[in-house]
Amino acid sequence: MNTKLKVFAVNKGILFNFEKKLNMSQELSEQEEIRRAKLAELKKLGIEPYPAEEFQINVTAQDIKENYERDKLNYKDISLAGRIMSVRDMGKAAFAVLQDSTDRIQIYVRRDDICPNEEDKQLYDTVWKKLIDLGDIIGIQGYVFTTKTGETSIHVTHFKLLAKSLKPLPVVKTDEDGKSFDEVTDPEFRYRQRYVDLIINPSVKKTFEQRTKIISSIRNFLNDQGALEVDTPVLQSIPGGAAARPFLTHHNALDMPLYLRIANELYLKRLIVGGFDWVYEFSRNFRNEGMDRTHNPEFTVLEFYAAYRDYFWMMNTTEKLLEKIAVDLHGTTELTVGDRSISFAPPFKRITIFDAIKEHTGVDVSKMDEVELRAVCKSLHIDMDETMGKAKLIDTLFGEKCEANYIQPTFITDYPVEMSPLTKKHRTEEGLVERFELMINGKEIANAYSELNDPIDQRERFEDQVKLMERGDDEAMFIDYDFLRALEYGMPPTAGIGFGIDRLCMLLTNQPSIQDVLLFPQMRPETKHETVN
RNA sequence: GAUUCCGUAGCUCAGCUGGUAGAGCAAUACACUUUUAAUGUAUGGGCCCUGGGUUCGAAUCCCAGCGGGAUCACCA
């Protein structure tokens, strides 16, 4: 403990356990030491810094800001609570900014109002001026008024400490024009301490409110049309429904390996077999792969499956769903993403993957064999290796030369069969499947099929996957025999789709990184430096 | 996993070709009863990410590690 602090403590008559302090001084900053000293002082004055009893509020900051001007009589006896974000102290009166869950509002604290007794001004002079800090959570009572500079504010008549803050909050100042100063932009700080990010950066909070709004908009759409929300296993003994590296865990009582799901597709289809006509699930999926601005090890996919439908119906339904989300969220189908405008008004463009390739490379690859395809890819400077088959070459060609061009919502349809082991063969085109991907802003947002319901065909497709696995493809699918058994009982013709919810949120909230639409994105653990005593 | 940039006070950042650390905000003290990036005066606050190396001397140069960002690869 440093001498200056000791002087401060003595001067203020603040007593504390000296030895305890000494131990903690190894890790605590000066400001943290001072706040702990203030905490002790509050207790000494008989003020509980973390009271248990309820604090009743009857208004929010947003309510006051929106309605006070036209309904002044209603704001004469108000009570609200929040966090102190800034203080402008002026001797015997002070202005402060209080932030509740809805907004920020200025409060006005005058000594002679909160301390009506002429003999005792301690509540203001000591508690408010000395012991309350930025970041503290307080409850106030008072009345709303307008300052002479025209700002709607609360004239405080009573205040109560509800929670003392022991860590200094980064201070972000904002001027009249809304320009902010010393804004905390360090991504590591923001993601590791999201709670602080949410307190000091109001736009971050708004993004996550929008995320929830997107999800409830989808849920309302599906529920209104009679779809049934279901829960299926996250722990699976066979990680099916997609091609990806899974996380492996172990169940002790059963003494068996279990995987965190990479997809829920095969379970939802089992439910279609079981007689539900339309089921959906917001599925948290886990994939043990690389991380970047569009990938997090756990992510959310909305999948839904509708019986007696096909992929054309699914395209129409997808158009209606996206239109509704855009309108629910922004009140319009015309959105600005980055510096581009994107229209979510149906109908969306539909184009086959072969036509897309023709459109952007001038080459018709639809009738080509693998040798011809390789020649085309080589001439277009596409990176290849020997293991890539025809389907993989087409997929790469599309990814390299076409994908980024589809800014407006576009359905890319009719993919090669080899890359789609769960998809029904095309009704007319040999070698293709009834599948589409929805591209928006140059990125894949959804992937859908007419689902394969022929159990014999499905078994053969799985067996092809096993051959790929034996050749060393570590992303080939496992065979799920129980799923095959379910198909053998008969699954109605079904259309299914998966939406990348995180990416959809990035798009609709205009965020460049998946970490900005996940409250707690995956991070490496923090290492704490060992202190040598 | 590869390449590259970054890591200094609670926060945002300076710190040049090596000479033992600075600013603004925040904090502390005093003044101020309608301020608003409040103001004025004074004061304190640093394992300069960690560990090695070079050097008389390292925040600075070199190596390794840890953490983060960006790009690439894998993938949604």
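Here is the naming used below: chain letters follow the sequence lines, and residue numbers restart at 1 for every chain.
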Novice: B:rC25 and B:rU41: how far apart are their P atoms, nearest whole angstrom?
Specialist: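 The same atom, P, in both gives a distance of 11 Å.
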Novice: Could you tell me how far apart A:M523 (CE) and B:rG68 (P) are, to the nearest whole angstrom?
Specialist: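 Taking CE of A:M523 and P of B:rG68, I get 5 Å after rounding.
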Novice: Any donor-acceptor pair under 3.5 Å joining the side chain of A:Q31 to the base of B:rA26?
Specialist: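 Indeed, a donor on one side and an acceptor on the other fall under 3.5 Å apart.
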Novice: Applying the Watson-Crick and G-U wobble criteria at under 3.5 Å, what pairs with B:rA59? Answer none if nothing qualifies.
Specialist: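 Pairing partner, where one exists within any strand: none, as none qualifies.
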Novice: What is the distance, to the nearest angstrom, from the CG atom on A:D383 to the P atom on B:rA73?
Specialist: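 These atoms are roughly 8 Å apart.
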Novice: Would you say A:T102 and A:Q62 are linked by a side-chain donor-acceptor pair, where the criterion is simply a distance under 3.5 Å?
Specialist: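 The answer is no; no qualifying pair exists.
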Novice: Nearest nucleotide by nearest heavy atom, which residue falls closer to the 5' end of RNA chain B, A:D175 or A:E444?
Specialist: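 It is A:D175, whose closest nucleotide lies nearer the 5' terminus.
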Novice: Going by atom types alone, do A:T232 and A:R261 pair a side-chain donor with an acceptor below 3.5 Å?
Specialist: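 There is such a pair (donor and acceptor under 3.5 Å, judged by atom type) between the side chains of A:T232 and A:R261.
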Novice: Please confirm whether any donor atom in the side chain of A:D89 sits under 3.5 Å from an acceptor in the base of B:rC32, or the reverse.
Specialist: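 Result: no qualifying N/O pair found.
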Novice: How many whole angstroms separate atom NZ of A:K38 from atom P of B:rU28?
Specialist: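 Spelled out: NZ on A:K38 to P on B:rU28 is 4 Å.
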Novice: Using Watson-Crick or G-U wobble geometry with both distances under 3.5 Å, which nucleotide pairs with B:rG46?
Specialist: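 Base-paired to nothing in any strand shown.
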Novice: Sticking with atom C1', work out how far B:rG53 lies from B:rC13, rounded to a whole angstrom.
Specialist: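 Looking at atom C1' only, B:rG53 and B:rC13 are 30 Å apart.
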Novice: So, A:R194 and A:D197, do they make that salt bridge, N to O below 4.0 Å?
Specialist: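 Looking at A:R194 and A:D197, the cut-off is met.
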Novice: Expressed as a whole number of Å, how far does the P atom of B:rU35 sit from that of B:rG68?
Specialist: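 Those two atoms are separated by 47 Å.
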Novice: Do A:E30 and B:rG44 share a donor-acceptor pair, side chain to base, under 3.5 Å?
Specialist: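 Pair found.
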Novice: Using Watson-Crick or G-U wobble geometry with both distances below 3.5 Å, tell me the partner of B:rG40, or none.
Specialist: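 When the pairing criteria are applied, B:rC30 turns out to be the nucleotide that pairs with B:rG40.
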Novice: To the nearest angstrom, how far is A:D395 atom CG from B:rA73 atom P?
Specialist: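 Atom CG in A:D395 sits about 14 Å away from atom P in B:rA73.
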Novice: Could one point to a donor on the side chain of A:E151 or the base of B:rU34 with an acceptor on the other under 3.5 Å away?
Specialist: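 No such pair is found, so the answer is no.
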Novice: Say you pick atom C1' in B:rG22 and the same atom in B:rG46; how far apart are they, in whole Å?
Specialist: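 The answer is 11 Å between these two C1' atoms.
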Novice: So what's B:rA21 paired with, Watson-Crick or G-U wobble, going by both distances under 3.5 Å?
Specialist: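 Partner of B:rA21: none found under 3.5 Å.
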Novice: Assess, by modelled atom type and distance only, whether the side chains of A:D113 and A:Y108 contain a donor and an acceptor separated by less than 3.5 Å.
Specialist: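 On atom types as modelled, these side chains do not qualify, holding no pair under 3.5 Å.
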Novice: Judged by modelled atom types alone, do A:T423 and A:R435 share a side-chain donor-acceptor pair under 3.5 Å?
Specialist: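 No, because no side-chain N or O of A:T423 sits under 3.5 Å from a partner of the opposite role on A:R435.
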Novice: Tell me whether the side-chain N or O atoms of A:D186 pair up with the base of B:rG7 as donor and acceptor below 3.5 Å, since no angle test is needed here.
Specialist: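 Absent.
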